[in-house]
Asks: 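The structure's right below; bear with me while I get my questions together.
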Amino acid sequence: MIFTVAVDGPAAAGKGTISKRLAAELGLAHLDTGLLYRAVGARVLGGEEAAAAARGLVPADLDRPGLRQPAIADAASRVAALPEVRRALLEFQRAFARREGGAVLDGRDIGTVICPEAEAKLYVTASAEARAARRHAEQVAAGEAQPLEAVLAEVVARDARDTGRADAPMRAAADAVVIDTTDLGIEEAVARALEIVRGRL
Ligand code: CDP
Ligand code: CDP
């Protein structure tokens, strides 16, 4: 069976959480494509730790917590605007999307560029304030929080860069179903996503 679920949307909208749960519930493979750009961004930033993280470009090593740092998110969105970088990562993502057994991919351009033929497309979004509050809460839990206003400014700047670039800008595919998670708990958002995807299976 080939069945692709494309999950796109801005930072901290809940794409990753929803995608992991969809993959687990439906028995599909999952790829967080943001980690590919984070790995490239980390390498560009340089430094020993960043270089070590970047070496994890192979999927098995992609969950390194180091790649979650805010500086790496910023570097990722800068390298993500370069057509050469996007081109280098394209085939790996396309092959993953159409692998036997089915797959969920989350990112910015899955439904528009990587897999326009995806059987199910979701665009997960939320207000910038709600998304910044979530990222801030994650940082507090990890013991390394920036001020909330700084997190909000970063989220807004990154959204603008991702929406404004010429190559594969972030946007909802015409046939994507939009899920606004601003006022949705995780369980409600997952239930809504599952209902939509099951309807396409
Ligand atoms: O993958 P993406 O950056 O879109 O977001 P995420 O990592 O799935 O979610 C960001 C944070 O928001 C996580 O800490 C989630 O637990 C939280 N979240 C939430 O509070 N409510 C939701 N409906 C979805 C996610
Ligand atoms: O988790 P969060 O939503 O904060 O970020 P991410 O999904 O890890 O993506 C980091 C950056 O990589 C984004 O801001 C985009 O610039 C870039 N990206 C992209 O251009 N295309 C994708 N398919 C995934 C990520």
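In each ligand, atom 1 is the first atom listed, and ligand 1 is the first ligand listed.
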Asks: Side chain or backbone, does Asp109 bring an N or O within less than 3.5 Å of an N or O on ligand 2?
Replies: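 In this structure, Asp109 places an N or O atom under 3.5 Å from an N or O of ligand 2.
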Asks: As a test of understanding, state which of Arg135, His136, Glu154 forms a side-chain hydrogen bond (donor to acceptor under 3.5 Å, both in side chains) with Gln146.
Replies: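 Considering Arg135, His136, Glu154, a side-chain hydrogen bond (donor to acceptor under 3.5 Å, both in side chains) with Gln146 is found only for Glu154.
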Asks: What residue and atom, counting heavy atoms only, is the protein's closest point to atom 17 (C) of ligand 1, and at what distance?
Replies: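 Going by distance alone, atom 17 (C) of ligand 1 is nearest to Arg134 CD, 3.8 Å.
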Asks: Would Arg134 and Thr17 satisfy side-chain hydrogen bond (donor to acceptor under 3.5 Å, both in side chains), going step by step from the backbone distance to the final call?
Replies: CA-CA 12 Å; Arg134 291 173 188 170; Thr17 306; over 6 Å; no
Asks: Over all heavy atoms of both residues, which pair between Ala13 and Thr181 is shortest? Give the atoms and the distance, please.
Replies: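 Closest approach of Ala13 to Thr181: O-OG1, 2.8 Å.
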Asks: For ligand 2, is there an N or O atom under 3.5 Å from any N or O atom of Asp162?
Replies: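 Between Asp162 and ligand 2, an N or O pair is found under 3.5 Å apart.
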Asks: Below 3.5 Å, N or O to N or O, backbone or side chain included: is there any such pair between Ala189 and ligand 1?
Replies: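 For ligand 1, there is no N or O atom that lies under 3.5 Å from one belonging to Ala189.
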Asks: Quick check against the 3.5 Å criterion: does Thr182 have a side-chain atom that pairs as donor or acceptor with the backbone of Ser127?
Replies: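 Checked: pair present.
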Asks: At what distance is the nearest protein heavy atom to atom 8 (O) of ligand 2, and which residue and atom is it?
Replies: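 That would be Arg38 NE, 2.5 Å.
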Asks: Could you tell me which atoms of ligand 2, counted from 1 in the order shown, lie closer than 4.0 angstrom to a heavy atom of Ser77?
Replies: 14 (O), 16 (O)
Asks: Specify the protein heavy atom at minimum distance from atom 5 (O) of ligand 1: its residue, its atom name, and the distance to 0.1 Å.
Replies: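 For atom 5 (O) of ligand 1, the nearest protein heavy atom comes out as Gly14 N, 3.1 Å.
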Asks: How long is the straight-line distance from CG of Asp167 back to CD of Glu84, given to the nearest 0.5 Å?
Replies: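 So the gap between those two atoms works out to 9.0 Å.
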Asks: Pull out every atom of ligand 2 sitting under 4.0 Å from any heavy atom of Gly34, numbered as shown with elements.
Replies: 6 (P), 7 (O), 8 (O), 9 (O), 24 (C), 25 (C)
Asks: Does the side chain of Glu144 pick up a donor-acceptor pair with the side chain of Gln69 at under 3.5 Å?
Replies: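 The criterion, which ignores hydrogens and geometry beyond distance, is not satisfied for Gln69 and Glu144.
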Asks: So, the side chain of Thr33 versus the backbone of Asp106: is there a donor-acceptor pair under 3.5 Å, distance only?
Replies: yes
Asks: Considering heavy atoms of the protein only, find what lies nearest to atom 1 (O) of ligand 1 and give residue, atom and distance to 0.1 Å.
Replies: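 Answer, as residue, atom name and distance: Gly16 N, 2.7 Å.
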Asks: Among Val124, Thr17, Asp180, Val7, whose heavy atom sits nearest atom 9 (O) of ligand 1?
Replies: Thr17
Asks: Of Arg98, Arg99, Arg94, which meets side chain to side chain contact (heavy atoms under 4.5 Å, CB included) against Thr4?
Replies: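 Exactly one option meets the side chain to side chain contact (heavy atoms under 4.5 Å, CB included) with Thr4, and it is Arg98.
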Asks: Under 4.0 Å from a heavy atom of Ala80: give me the atoms of ligand 2 that qualify, with their elements.
Replies: 16 (O), 17 (C), 20 (O)
Asks: Would you say Arg86 contacts ligand 2, with heavy atoms under 4.0 Å as the rule?
Replies: yes
Asks: So that I can tick it off, tell me whether Asp109 and Arg86 are bridged by a salt bridge, with the cut-off set at under 4.0 angstrom between side-chain N and carboxylate O.
Replies: yes
Asks: Would you mind checking which non-hydrogen protein atom is closest to atom 23 (N) of ligand 1, with the distance to 0.1 Å?
Replies: Leu184 O, 3.1 Å
Asks: Would you kindly specify which portion of Arg78 sits under 4.0 Å from ligand 2, judged on non-hydrogen atoms: side chain, backbone, both or neither?
Replies: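 Within the 4.0 Å criterion, Arg78 makes no contact with ligand 2.
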Asks: Starting from atom 14 (O) of ligand 1, which protein heavy atom do you reach first, and at what distance in Å?
Replies: Glu138 OE2, 2.7 Å
Asks: Which protein heavy atom lies closest to atom 10 (C) of ligand 2, and at what distance to 0.1 Å?
Replies: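 So the nearest neighbour among protein heavy atoms is Arg158 NH1, 3.5 Å.
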Asks: Taking both backbone and side-chain atoms of Gln93, is any N or O found less than 3.5 Å from an N or O belonging to ligand 2?
Replies: no
Asks: To which protein heavy atom is atom 24 (C) of ligand 1 closest, and what is the distance rounded to 0.1 Å?
Replies: Ile186 CG1, 3.7 Å
Asks: If you measure from each heavy atom of Arg135 to ligand 2, is any distance below 4.0 Å?
Replies: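 Arg135 counts as a contact of ligand 2 under the 4.0 Å cut-off.
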Asks: For ligand 2, which part of Ala12 has a heavy atom less than 4.0 Å away: the side chain, the backbone, both, or neither?
Replies: backbone
Asks: Check ligand 1 against Gly185 and write out every atom of the ligand that is under 4.0 Å from a heavy-atom position of the residue.
Replies: 23 (N)
Asks: Between Pro10 and ligand 1, find which residue part has any heavy-atom pair under 4.0 Å and reply side chain, backbone, both or neither.
Replies: backbone
Asks: Do Arg108 and Asp8 meet the salt-bridge criterion of a basic N to acidic O distance under 4.0 Å?
Replies: no
Asks: Look at atom 7 (O) of ligand 2 and say which protein heavy atom is nearest, naming residue and atom and giving the distance to 0.1 Å.
Replies: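 Scanning the protein heavy atoms, the shortest distance from atom 7 (O) of ligand 2 goes to Arg108 NH1, 3.1 Å.
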Asks: Return the minimal non-hydrogen interatomic distance between Ala11 and Arg158, and the atom names on each side.
Replies: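 Heavy atoms of Ala11 and Arg158 come nearest at CB-NH2, 3.3 Å.
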Asks: Before accepting this row, confirm whether a basic side-chain N of the pair Arg68/Asp32 lies closer than 4.0 Å to the acidic partner's carboxylate O.
Replies: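 A salt bridge links Arg68 with Asp32.
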Asks: Looking at every non-hydrogen atom in both residues, tell me the closest pair between Val79 and Val85 and how far apart they are.
Replies: O-CB, 3.5 Å
Asks: So, is Tyr37 polar-close to ligand 2, with some N/O to N/O distance under 3.5 Å?
Replies: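 N/O-N/O distance under 3.5 Å: no.
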Asks: Whether Arg161 and Asp74 form a salt bridge (side-chain N of Lys/Arg under 4.0 Å from carboxylate O of Asp/Glu) is what I want to check.
Replies: yes
Asks: Any non-hydrogen atom of Lys15 lying under 4.0 Å from ligand 2?
Replies: yes
Asks: When rounded to the nearest 0.5 angstrom, what distance separates CG in Leu26 from CZ in Phe3?
Replies: 7.5 Å
